[in-house]
Structures are given as C-alpha cells and as structure tokens.
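Heads up, the thing below is written out as structure tokens.
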Amino acid sequence: MVRPDDWHLHVRDGEALQAVIGATAAQFARAIIMPNLKPPVTTTAQAQAYRARILAALPAGSDFQPLMTLYLTDATSAAQIREAKASGIVHGVKLYPAGATTNSDAGVSSIDKVTAALEAMQAVDLPLLVHGEVVDAAVDTFDREAVFIDRVLMPLRARFPALRVVFEHITTRQAAQYVTAVCREQVAAAPAGQPPALTLAATITPQHLLYNRNAIFSGGLRPHWYCLPILKREEHRLALLEAATSGLPAFFLGTDSAPHAAHLKEHAAGCAGCYSAPHALELYAAAFEGAGALARLEAFAGFHGPDFYRLPRNAGKVRLRRTSWTIPESLPFGGNQIVPLASGEVLAWQLAPGLEA
Ligand code: DOR
Ligand code: ZN
C-alpha cells in the first residue's frame, strides 16, 4: 500500500519526544503534530522551533515530515493566523475547549472569543482541527461529543461555511453520521470528474475502531484504555468502523497516539491517552480486516488525508506481512516505561521493515 500518514499525533518534547518519534517515523511519512505542550505552541515562531526539535530527534536518515499546528487561544489574532499560513509549515489550528483534556487549560473559553481568528482561517484557508467535546459539567462524559455537534460544531460551520474543519478522533455514531451526511452532500455537489470540495472531515483512532468502553472495566480498572474522548458503547464502535471502511473521503487515519509514562496512567488521577505509535498501522489493519474491508485501508491511511489537507499523496510504498506477534508489555520512555495500546495482545499483521522508495 502507499506509504501512510498520521493526521493526528502527540509526540511531546524533550526526552519523551526522543523516545517516541522513531516509532512514528518508521510507520508514517508525515504526521499532524498536536500543539498541546506545556506551555502550548501558540505562535508560528514556537511551531518553527518545535519542528526543528522534532527533526533533530529523528533517527539518522529518516525523511519523516512533521506538519505543525497552532494551539488556538482566546488571544489568537488574525495577524497570527495569516503569519501561520504564510510560513508554509503550519497546516492547521487546534481548538481545545478549555479544560476538555490534557494541557487544554489555555484553550478556548467560548467561540465568540475566537471570531477574528476563525474569520482569518476561513479567509486564508487554514483548517480548524477540533477536539469535539463540551466541557459542561452537567453533561455526562459519554455524551460530551454528541452534545458538541449540536451546541458548537453545527453553529460554527453555519457561521463559517467555507472554513475547513477536521472533527478529530470521533468516537460516536452521531459524529460518524454527521460527517457522513455532510460528505455525501459535498461529493454529490462536485462537478463530474472533479474532486469534492470537502469542508468537513474526521480522523478516527485505532482504539475507537477496535474497542468499546468495556475495555476500560474488564477484570478491573484498566487505565491504558483511558483516552479522551473516552471509548463508547459497541454501537458507536460499529458506526465508526462503518465510516472508516466506507471509502468516503472525509474519513482518514489519525492515531491520537498520546504517550504518558506508565506510572502517570496507573495513578489516582490517571492521564488520558493511548500510545499506539509503534504498531498503529497493524492495529488499523486488524480493525479493517475484522470488518472485511482490508482493501479500503490504503485510501483511509494514504489518500484521504493528503487530499483533504491539499498535500501530495506519498510516492513510496509499505508492505504489511501476515504473521503473528505479541505487542510488548512495556517500552522504554526516557527514564520511565510506557505501556503500548493493547500490550500483550497478538497481532496478525506486521509492517515489513524498510520503506520502499
Ligand atoms: O486522550 C487524550 N490524550 N486525549 C486528548 O485529547 C489529549 C491527549 C494527550 O495529549 O495526552
Ligand atoms: Zn489528540
């Protein structure tokens, strides 16, 4: 299959970055790098410096390309958006509702506060990447994504109809259905022979395709299955699998691999995030094979993302081999250990070593 890209990834900084970046670079040609560092990446200068640190942390000979994002705050100006677009290295701006997840304290307190930035993004055609959960304490954790669609996403898209939006790491039937409906309309509206002008897309993680919320509670509390948005019921997993394997161009691969040291997940207030970078493509292959849709994996992993982001598709190829191997129980992570997603489980596919040109 064509060499894939990861359209949603956390690689952290410092020794954590050093520990994880090689795993992604071995699987993917490019990745959209999330900006939720401490402090967050809010300016183009910070994104440039972070990009340089990522490139410096790569194994020798790697041609992996980090695609940078800015972290939207109430203070982001239209001028900062124009500067980001002009840089050529910033490919999106991430909206975290303040308090929604890891390092989101500096996030957006209300959409009205970021009107100027969103207008500028629409004008210069810089995509908005959204963490789609409301933070209202009155809304049940498992309902926060579905409520976000009605309360935030639909009004936002009505106000900024040309703004291109990626609904990140979708986890619900409601999100899959909403993105599917918009995509079908936009595909139908495209002139014959022309690619559709999509203004809405969604990334889907391996954990949300493979597991439902029972995984968090099976035989005890399992912190390594805890991420945000949290795993949902089986009906939602099935809807996501249907969307991912539909062939619709609005759905593409975004691992949301989000490394945290094992001791900070196995904790009284455990961190949210699943670490899937070392075996991401194999996990997706398992999900697609389970749905009888392996033939659709290549477009999900390698075509739809670059088409939406208006970047060239990769030229190289990778090969997945059928074999049987066990996901390690833990891996080194700076001075600590990290537990990869589905550690100890057996996978039936493995990425063959060495990327083909
Ligand atoms: O589970 C998550 N982990 N969800 C997020 O939105 C953030 C991420 C992280 O940075 O750890
Ligand atoms: Zn994320």
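Excluded from the calculations below are hydrogen atoms, water molecules and symmetry mates; all remaining heavy atoms, backbone and side chain alike, are included. Just follow the structure's listing: the first ligand is 1, and inside any ligand the first atom is 1. Bear in mind the structure is a predicted one, so any value in this text is a computation, not a measurement.
- Under the 3.5 Å distance criterion, the side-chain polar atoms of His236 are left unmatched by any main-chain donor or acceptor of Ala176.
- Ring planes of Trp7 and Tyr309: parallel class, angle under 30° (limits at 30 and 60°).
- Taking each heavy atom of Asp5 and Phe28 in turn, the nearest pair found is C-CD2, 3.4 Å.
- Between Leu126 and Val93 the shortest heavy-atom distance is CD2-CG2, 3.6 Å.
- Side chains of Ile21 and Phe64 form a contact here, defined as non-hydrogen atoms less than 4.5 Å apart.
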Contact table, ligand 1 N/O with protein N/O, distance under 3.5 Å:
{"from": "ligand 1", "atom 1": "1 (O)", "to": "Leu228", "atom 2": "N", "distance (Å)": "2.8"}
{"from": "ligand 1", "atom 1": "1 (O)", "to": "Ala272", "atom 2": "O", "distance (Å)": "3.4"}
{"from": "ligand 1", "atom 1": "1 (O)", "to": "Gly273", "atom 2": "N", "distance (Å)": "3.2"}
{"from": "ligand 1", "atom 1": "3 (N)", "to": "Ala272", "atom 2": "O", "distance (Å)": "3.0"}
{"from": "ligand 1", "atom 1": "4 (N)", "to": "Thr101", "atom 2": "OG1", "distance (Å)": "3.4"}
{"from": "ligand 1", "atom 1": "4 (N)", "to": "Leu228", "atom 2": "O", "distance (Å)": "2.8"}
{"from": "ligand 1", "atom 1": "6 (O)", "to": "Thr101", "atom 2": "OG1", "distance (Å)": "3.0"}
{"from": "ligand 1", "atom 1": "6 (O)", "to": "His131", "atom 2": "ND1", "distance (Å)": "3.2"}
{"from": "ligand 1", "atom 1": "10 (O)", "to": "His10", "atom 2": "ND1", "distance (Å)": "3.3"}
{"from": "ligand 1", "atom 1": "10 (O)", "to": "Arg12", "atom 2": "NH1", "distance (Å)": "2.9"}
{"from": "ligand 1", "atom 1": "10 (O)", "to": "Asn36", "atom 2": "ND2", "distance (Å)": "2.8"}
{"from": "ligand 1", "atom 1": "11 (O)", "to": "Arg12", "atom 2": "NH2", "distance (Å)": "2.8"}
{"from": "ligand 1", "atom 1": "11 (O)", "to": "Thr102", "atom 2": "OG1", "distance (Å)": "3.3"}
{"from": "ligand 1", "atom 1": "11 (O)", "to": "His260", "atom 2": "NE2", "distance (Å)": "2.7"}
{"from": "ligand 1", "atom 1": "11 (O)", "to": "Ala272", "atom 2": "O", "distance (Å)": "3.1"}

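- A salt bridge is defined here as a Lys NZ or Arg NE, NH1 or NH2 lying under 4.0 Å from an Asp or Glu carboxylate O, and Asp136 with Arg151 meets this definition.
- Cation-pi geometry between Arg237 and Tyr211 is not satisfied (NZ or CZ under 6.0 Å from the ring centre, within 45° of the ring normal).
- Among protein atoms, those of element N, O or S found less than 2.8 Å away from the Zn ion (ligand 2) are His8 NE2, His10 NE2, Asp256 OD1.
- A tilted orientation is assigned to the rings of Phe300 and Phe288, their planes being inclined by 30° to 60°.
- Looking only at distances, no side-chain donor or acceptor of Glu282 sits under 3.5 Å from a matching main-chain atom of Leu347.
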